[in-house]
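I have placed the structure first, in the form of structure tokens, so that the comments after it can refer back to it.
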Amino acid sequence: MTAADTGHAQQTVHIAPTRQRPRPWPAYALIAILVLGTVLYGWVLWTDSWGNTYYTAAVKSMSSNFTNFLFGSFDPAGTVTIDKPPLALWPQVVSVKIFGFHQWSVLLPQVVEGVAAIFLLHRAVRMWAGEKAALIAALVFALTPVTVAITRTNNTDTMLVLTLVAAACTITRAIKALEPHTRTKWLLFTAFLIGCGFLAKMAAAYIVLPAFFAAYLAGSKAHWRRQVLDLAGAAVVLLASSLWWVAACGLWPGKKPYVGGSTDGTALDLILGYNGLGRVFGGDGNGTGGAAATGGAGGPGGGGPGAGGASFGGPPGAGRMFGDAVGGQISWLLPLALIALAFAALLGFRRLRRSDPADPAHRAGWVLWGGWLLVNALVFSNQKGVFHPYYTTLMAPAIGALVGAGTVWAFQKYQERHGLGRFMLPAGVAVTAAWAWVLISRDTSWHGWLRYAVVLVALVAILALVLRKVPKAGIALGLGAVLLAPAVWSAAGSVSTAGTPSLPAAGPVEEVMPAGWDSGELTAEQRKILSYAKSHSSGAGITLAVEGGSQAAGVYIVATSQSVVGMGGFDGKDPVPSVDQLSTWVREGRLRFVLTGGGMMNTDAKTLIERTKWIKQNCHPVLTAGQNGTLYECTDA
């Protein structure tokens with residue numbers, strides 16, 4: 001090789017730039033958070049819990065045939081549905097069909113949904129505010145006491161939260177998309193997911209719509225005509241994905257169950273009344289009359305024994321989210337989230353006044369999560385109808401996102417060493433620790449020592465942050481201080497057997513339901529009743545019709561393989577079966593035994609009065625079982 005050749009070779013040789021491998025710690029941290037969530041939510045699988053037996057009975061009934069599955073029948077005879085659309089129960093039915101009807105197979109989908117929501121929240125916040133904010137958001141969400149409590153049951157709120165967090169993920173993708181068709185695709189998918197949330201818990205899914213709408217407008221760079229077309233398309237998808245089940249209920253050509261909770265058997269009445277506007281403004285069966293007076297609206301969808309529905313969450317008003325009933329469930333980090341949101345709004349206003357350019361996608365994230373939190377807090381605080389503290393789990397993703405983004409922003413300001421922003425971190429730790437002291441002090445019999453531990457860790461964290469000697473340690477201690485109390489409440493709640501799955505709650509639980517509620521196991525007296533009815537039914541298709549709402553009927557459906565009808569639906573006020581239907585069943589030999597006097601009933605319901613009168617006229621008592629009621633034999637209709 002000549003010198004010229006060597007020189008040429010030297011000119012063509014180049015060294016490829018080294019690619020920096022991503023640090024693995026965020027992935028490990030996310031896995032750890034997901035494992036933590038799995039343990040907190042999944043501990044219930046090793047207990048004897050059947051979850052909320054109202055829904056568990058429906059899961060068993062829905063697994064028997066397609067019509068029951070499609071409409072969400074409460075009883076195997078397909079008499080009446082649950083008082084909500086059935087989407088949240090479908091995964092439970094699938095699990096039962098695969099693994100068999102067991103306690104753990106009913107609750108397993110809830111655990112999966114809860115962990116999936118943590119993962120999707122991380123993804124949504126990471127696209128908006130970065131990896132560190134996303135990890136903090138996921139951790140805050142996983143350690144929210146009310147979220148742990150609700151995910152341990154098979155209530156519908158877990159599916160609702162999952163669908164809406166997934167929708168937040170997709171709308172974030174839509175806002176950040178560069179291509180118009182990509183943006184439209186993700187926006188339509190967002191609308192579809194919110195529609196799925198509607199089929200889990202109806203109007204509760206629509207509370208976040210103003211936040212999603214405002215976020216899209218705040219982050220969109222498209223021409224206004226394109227925005228109008230995109231939003232119009234999203235509205236069509238939203239309505240279609242929300243109302244197809246409503247249409248199916250109205251157009252189904254064959255026999256179908258009566259829509260529980262409605263006044264006329266239609267899903268539309270349920271949406272607009274009991275499970276819609278009635279929840280916000282109150283009314284018959286929603287805390288201001290009718291069922292509320294006798295506890296008929298209790299349990300999964302209503303009030304409870306002896307009180308109006310709203311009383312479970314305290315009186316409506318601005319202080320409800322911080323009150324005795326709700327504060328320990330959701331408000332631990334609520335002040336911190338509101339502080340972060342207030343500072344973001346202030347900085348945004350200052351930027352607007354100075355005409356500084358802003359990142360629309362970043363601004364949209366604050367609008368999305370801030371709007372999500374504020375709108376839900378506003379609706380829940382002023383809800384005059386049925387309101388339970390566990391509804392507030394819907395606020396947990398927004399609190400997590402705002403705390404995560406706010407913490408990262410505050411740390412950046414802290415490192416700059418100038419401006420008021422540098423005081424955000426220590427101030428946030430101090431406010432959150434002080435509020436934790438207040439919440440724990442309301443009942444010191446429940447881990448009262450925790451308030452001292454929180455204050456001690458907070459003081460050390462604030463000292464480390466002020467001295468600036470070990471800033472990373474100060475951050476870690478600060479996070480520990482703000483998360484210590486909810487973490488202990490969540491961990492204690494995950495292994496606790498107190499309370500009822502119908503009314504899940506974290507912290508010191510006041511028993512408000514009668515003994516045996518949600519047990520899923522027959523008592524000796526109940527076994528005696530069922531055994532008598534079974535042995536004397538002469539092959540009747542319906543072994544037992546039970547008056548007394550789901551509390552009385554649910555345990556018979558869950559614990560046996562017999563065909564049991566729950567008369568009157570959830571709280572006994574639904575007009576099924578009618579007197580004519582009872583007469584037909586008895587005349588045709590499909591029914592012989594009726595149980596009355598157990599459970600909780602809406603004693604002034606017209607149909608219940610009519611059924612009671614018919615039973616006394618056409619049946620005769622054969623067995624009395626104390627608080628479990630009286631068994632009647634009907635042979636002459």
Side-chain angles (χ1 to χ4, degrees), residues 82-88 117 120 124 150 155-172 174 186-218 230-247 249 259 261-262 266-283 286 300-301 313 316 364 367-388 390-398:
I82 59 171
D83 58 3
K84 294 176 183 65
L87 182 140
L120 290 176
I150 195 68
N155 288 24
T156 60
D157 301 73
T158 302
M159 176 61 80
L160 173 65
V161 170
L162 174 61
T163 55
L164 295 186
V165 171
C169 196
T170 55
I171 198 172
T172 304
W186 285 112
L187 182 64
L188 297 181
F189 194 21
T190 300
F192 169 77
L193 290 169
I194 297 176
C196 290
F198 182 88
L199 292 182
K201 205 174 179 184
M202 289 194 172
Y206 283 0
I207 298 176
V208 299
L209 281 178
F212 278 67
F213 176 77
Y216 177 76
L217 294 182
D230 283 349
L231 292 172
V236 171
V237 172
L238 175 66
L239 292 176
S241 60
S242 299
L243 301 180
W244 70 264
W245 183 81
V246 177
C249 287
V259 178
S262 67
T266 67
L268 188 61
D269 177 78
L270 183 63
I271 294 169
L272 297 178
Y274 175 64
N275 262 348
L277 298 178
R279 293 294 167 116
V280 179
F281 300 108
N286 258 294
V367 173
L368 172 65
W369 296 111
W372 180 321
L373 178 62
L374 294 178
V375 173
N376 273 282
L378 181 64
V379 171
F380 291 155
S381 295
N382 295 282
Q383 192 168 323
K384 294 181 175 62
V386 171
F387 175 77
H388 291 305
Y390 66 80
Y391 294 173
T392 60
T393 187
L394 192 54
M395 297 165 58

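Keep in mind that this is a model prediction, so the values were computed, not measured. Numbering of residues begins at 1 and proceeds along the displayed sequence.
Legend: residues meeting side-chain hydrogen bond (donor to acceptor under 3.5 Å, both in side chains) with Thr172, ordered by chain and number and at least two apart, are absent. Under the rule for a side-chain contact (heavy atoms from CB on, under 4.5 Å), the partners of Leu120 that lie at least two apart in sequence or sit in another chain are Leu162, Val165, Ala166. For Thr393, the side-chain hydrogen bond (donor to acceptor under 3.5 Å, both in side chains) test picks out Thr147, with sequence neighbours left out. Applying the side-chain hydrogen bond (donor to acceptor under 3.5 Å, both in side chains) criterion to Asp269, with sequence neighbours excluded, gives Thr263. Scanning for side-chain contact (heavy atoms from CB on, under 4.5 Å) contacts around Ala204 gives Leu160, Lys201, with sequence neighbours left out. For Phe192, the ring pair (Phe, Tyr, Trp, His ring centres under 6.0 Å) test picks out no residue, with sequence neighbours left out. Under the side-chain contact (heavy atoms from CB on, under 4.5 Å) criterion, Leu188 pairs with Thr184, Ala234, Val237, sequence neighbours left out. Residues that satisfy the ring pair (Phe, Tyr, Trp, His ring centres under 6.0 Å) test with Phe198, not counting sequence neighbours, are Tyr206. With sequence neighbours excluded, the residues forming a side-chain contact (heavy atoms from CB on, under 4.5 Å) with Ala168 are Phe212, Leu368, Trp369, Trp372, listed by chain and number. For Ser381, there are no side-chain hydrogen bond (donor to acceptor under 3.5 Å, both in side chains) partners two or more places apart in sequence or in a different chain.
The shortest side-chain heavy-atom distance between Val208 and Val375 does not fall under the 4.5 Å cut-off.
More than 12 heavy atoms of other residues, nucleotides or ligands sit less than 6.0 Å from atom CZ of Phe380.
Using modelled atom types, no side-chain atom of Thr156 and backbone atom of Ala88 make a donor-acceptor pair closer than 3.5 Å.
Ring planes of His388 and Tyr390: parallel class, angle under 30° (limits at 30 and 60°).
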